[in-house]
Protein chains: 2
Amino acid sequence: MNAPEAPDTTAVPRGRPRDAAVGRKVVETVLRLIADGATFGDLTMEGIARAAGVGKATVYRRWNGKDALLLDVLAAVDCFEPPPRFTAGSFRDHLLTAVEAIRRRGLAKRESAMLRTMLGQMQNSPELWKAYHDTVIAKRRAALARLLEHGMAIGAVRPELGADMELLIDFVTGTMLSRTTFRQGASLDEGISERVVDLILNGIAPSAGPAEP
Amino acid sequence: MNAPEAPDTTAVPRGRPRDAAVGRKVVETVLRLIADGATFGDLTMEGIARAAGVGKATVYRRWNGKDALLLDVLAAVDCFEPPPRFTAGSFRDHLLTAVEAIRRRGLAKRESAMLRTMLGQMQNSPELWKAYHDTVIAKRRAALARLLEHGMAIGAVRPELGADMELLIDFVTGTMLSRTTFRQGASLDEGISERVVDLILNGIAPSAGPAEP
DNA sequence: CATTTACGATACGGGGCCGTCTCGTATCGT
DNA sequence: ACGATACGAGACGGCCCCGTATCGTAAATG
């Protein structure tokens, strides 16, 4: 008896299998178009297929529409980012690593363009924003939260700040994120991360302790 | 720009004068559409005219195209923002006023939506971004620079930080700006500005030297 | 009054994208 | 070999927008 609703997952494909390289090529093309300045409104299924050198029907065979395609594109964004390692070194070194990661992402055209484009769409398509947030942003913030809690545990961070970890993360990331996202063309030379870390640790007020005059 | 060869300012217009209310209505409509989530790519001259209840030819009579119209729209953004007053109070109070201004702008749908939309377009249309930067952003940063220099003069801000005023401004604005722009839905209750100011002034490290647990 | 320009509405040809469909060819399992 | 499916290419009707032009009406000058 050959039940048509066969529960086994190996639903034998019958004809020519889909070429996985085609799907990758389309996603890569969309990432390139966004990096080149296209907003989601600028992207068209027809234009994507043309830019990818792919038949339009092939794109529609894989994705129902632009939103479904963009969801897969978002999932591919963070595939290239190894999670930062906080193994050895002082808390200040770890903090510097985190800030440096933001700086380098700001220099990466694809990452920063994607973030800016997503920001413009977060009101329009909250599902897309949620996907970007969950797959890209949340992971980074979680890693930073672990770092900051470690800092509080070893006394490098004022413990009362743990009451609002989200705000603490905004504070640690905000300076470099503003610089890379809002201020296109702002200097992003290497030494800047050091100064940002100094500001994050010590603030702008003169230190009351027996430090530098 | 409708003065062919009349050097005197009283170039007598001959027919029915343009209704200034129509121009205002169009600009206001575009601002509303952007606040409702439209990106620049979503906006069309035809749709704008329809939403404004205005003839399409009337829009084209005033602006050559979408870019020219958007330039005027940008110029209208900051018309509603009174410049902040730094008259009395401590430096901390002034800083709180500045941070509070960012928080309130983040709550204003029109302002934050415009900023997010502009970010997505800054690569695509640098002229538009320059206009937005010059008419909106530069003024706020200049006011903040004056505040920070005042703070250094009275000893409330470490003077060596004046070496990179742009970075200093990024640091002061970055936390609240990140929260209002990147993190839609994040809490923006009133007390938060106080905590941000504390972080800006004192940083995250314990102030009384290296405390050993 | 006549003239001139603005206004809202709408019609016009042109062009791009939509989503589907049909080709001819290619590549799989049977 | 054969059927089934994927592939690139492109045709197709439909829709929306572009920028201009043409209505009839309204409001200013002379």
Side-chain angles (χ1 to χ4, degrees), chain A residues 2 4 6 8-30 33-34 37-73 121 124-125, chain B residues 1-6 8-30 33-34 36-73 121 124-125:
Chain A
N2 216 350
D8 64 349
T9 52
T10 63
V12 181
R14 293 250 323 175
R16 170 179 175 177
R18 290 187 183 174
D19 187 349
V22 172
R24 285 197 302 268
K25 185 162 51 172
V26 171
V27 170
E28 195 66 24
T29 299
V30 175
L33 291 173
I34 292 176
T39 67
F40 292 169
D42 299 330
L43 296 174
T44 67
M45 295 292 271
E46 197 153 357
I48 290 167
R50 212 181 309 130
V54 150
K56 186 161 54 155
T58 302
V59 182
Y60 276 104
R61 193 174 294 118
R62 285 172 165 76
W63 296 281
N64 283 333
K66 197 162 65 174
D67 285 6
L69 169 55
L70 288 179
L71 276 178
D72 278 7
V73 171
Q121 295 288 333
N124 246 348
S125 37
Chain B
M1 64 182 189
N2 214 355
E5 59 218 87
D8 62 350
T9 52
T10 65
V12 181
R14 290 249 323 166
R16 172 180 174 176
R18 290 186 183 174
D19 188 349
V22 171
R24 285 195 303 268
K25 184 162 50 172
V26 171
V27 171
E28 195 66 23
T29 299
V30 175
L33 291 173
I34 292 176
D36 287 348
T39 67
F40 292 169
D42 300 329
L43 296 174
T44 68
M45 296 291 270
E46 198 154 355
I48 291 167
R50 211 181 310 129
V54 151
K56 186 162 55 157
T58 302
V59 182
Y60 277 103
R61 193 175 293 120
R62 286 172 163 78
W63 296 282
N64 284 333
K66 197 161 69 174
D67 285 6
L69 169 55
L70 287 179
L71 276 177
D72 278 8
V73 171
Q121 295 288 333
N124 246 347
S125 37

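Given the structure is predicted, the values throughout are model-derived calculations rather than measurements. In what follows, chains carry the letters A, B, and so on, assigned in the order in which the sequence lines appear, proteins first and then strands, with residues in each chain numbered from 1.
- Rounded to whole Å, atom P of C:dG16 lies 17 Å from atom CD of B:Glu46.
- When every heavy atom of A:Leu69 is checked against every heavy atom of A:Met45, the shortest pair comes out as CD2-SD, 4.2 Å.
- Here A:Thr39 contributes atom OG1 and B:Asp42 contributes atom CG; the two are 7.5 Å apart, rounded to the nearest 0.5 Å.
- To the nearest 0.5 angstrom, A:Lys25 atom NZ is 7.5 Å from A:Asp19 atom CG.
- Across all non-hydrogen atoms, the minimal contact from B:Lys66 to B:Leu43 is NZ-O, 3.0 Å.
- Residues A:Arg62 and A:Asp72 form no side-chain contact, since every pair of their non-hydrogen atoms from C-beta on lies 4.5 Å or further apart.
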Pairs under 3.5 angstrom, nitrogen or oxygen only, protein versus nucleotides 24-30 of chain C, please.
| residue | atom | partner | partner atom | Å |
| --- | --- | --- | --- | --- |
| C:dA26 | N3 | A:Arg16 | NH1 | 3.0 |

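- Looking at DNA chain C, the stems built from 3 or more consecutive Watson-Crick or G-U wobble pairs, each pair with its key distances under 3.5 Å, are C:1-30 with D:1-30.
- As rounded to whole Å, 17 Å separates atom P of C:dG16 from atom CG of A:Leu43.
- Closest to the B:Val22 side chain, of the nucleotides C:dG8, D:dC7, D:dC17, is C:dG8.
- Residues A:Leu70 and A:Phe40 have side chains in contact (heavy-atom distance under 4.5 Å, counting atoms from C-beta outward).
- From B:Arg50, atom CZ reaches atom OG1 of B:Thr29 across 12.5 Å, with rounding to the nearest 0.5 Å.
- Between A:Arg50 and D:dG8 there is no side-chain polar atom (N or O) within less than 4.0 angstrom of OP1 or OP2.
- Residue A:Arg24 contributes atom CZ, which lies 16 Å from atom C1' of D:dC7 at whole-angstrom precision.
- Counting only heavy atoms from C-beta outward, the side chains of B:Arg61 and B:Thr58 approach each other to under 4.5 Å.
- Here the closest heavy-atom approach between residue B:Asn124 and residue A:Gly37 is recorded as ND2-O, 2.9 Å.
- We find that CZ of B:Arg18 is positioned 12 Å from C1' of C:dC7, with the value rounded to whole Å.
- Across residues 52-67 of chain A, A:Lys56, A:Ala57, A:Tyr60 each have a non-hydrogen atom less than 4.0 Å from an atom of DNA chain C (numbered order).
- What separates CZ of A:Phe40 from P of C:dC17 is a distance of 18 Å, to the nearest Å.
- The separation between A:Lys25 atom NZ and D:dC7 atom P is 10 Å, rounded to whole Å.
- Looking at every heavy atom in both residues, B:Ala49 comes nearest to B:Lys56 through CB-CA, 3.8 Å.
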